[in-house]
Amino acid sequence: MNFIIKTILLVMTFSVFLALFQLLLKSENLKQTSFSKNIKTQKENFETILRDPKESIPNFVTRFKIKSFELWENADQLKMEIQIKK
């Protein structure tokens, strides 16, 4: 192929990529908007896990692992509670 055809194909590919990227960004924005509306209507029972300034990082990591494992174990039960509330 000559140089002009390769350039045209490259520009076309790049424009398709940019169009898909714009659609992705738009869908993420719409998803966040609809998600924030759902959060306002539902009361979450999840507590955030924050590290105290005095707490050492290894202790925080172990505490975080324990909490996340508990959430993972109870994920099915939490899904059922959310579906019942709807």
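Position 1 is the first residue of the sequence; numbering continues from there.
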**Request:** Dump the intermediate steps for side-chain contact (heavy atoms from CB on, under 4.5 Å) on Thr7 and Phe3, then the final yes or no.
**Result:** CA-CA 6 Å; Thr7 306; Phe3 181 72; 3.7 Å; yes
**Asked** Taking atom CG of Leu23 as the centre, does the number of heavy atoms from other residues, nucleotides or ligands within less than 6.0 Å exceed 12?
**Response** yes
**Request:** List in chain and number order the residues that pass side chain to side chain contact (heavy atoms under 4.5 Å, CB included) with Ile66, two or more places apart in sequence or in another chain; answer none if no residue qualifies.
**Result:** Glu70
**Asked** Do other residues, nucleotides or ligands put more than 12 heavy atoms under 6.0 Å from the CG atom of Leu18?
**Response** yes
**Prompt:** What class does the angle between the rings of Phe21 and Phe17 fall in, given that below 30° is parallel, 30 to 60° is tilted and above 60° is perpendicular?
**Reply:** parallel
**Asked** What residues, two or more places apart in sequence or in another chain, satisfy side chain to side chain contact (heavy atoms under 4.5 Å, CB included) together with Ile5?
**Response** Met1, Asn2, Leu9
**Message:** Assigning hydrophobic clusters by single linkage (Ile, Leu, Val, Met, Phe, Trp, Tyr; side-chain heavy-atom cutoff under 4.5 Å), is Met12 placed with Ile4?
**Reply:** yes
**Request:** Could I get the full list of side chain to side chain donor-acceptor pair (under 3.5 Å) partners for Ser56, not counting sequence neighbours?
**Result:** Asn59
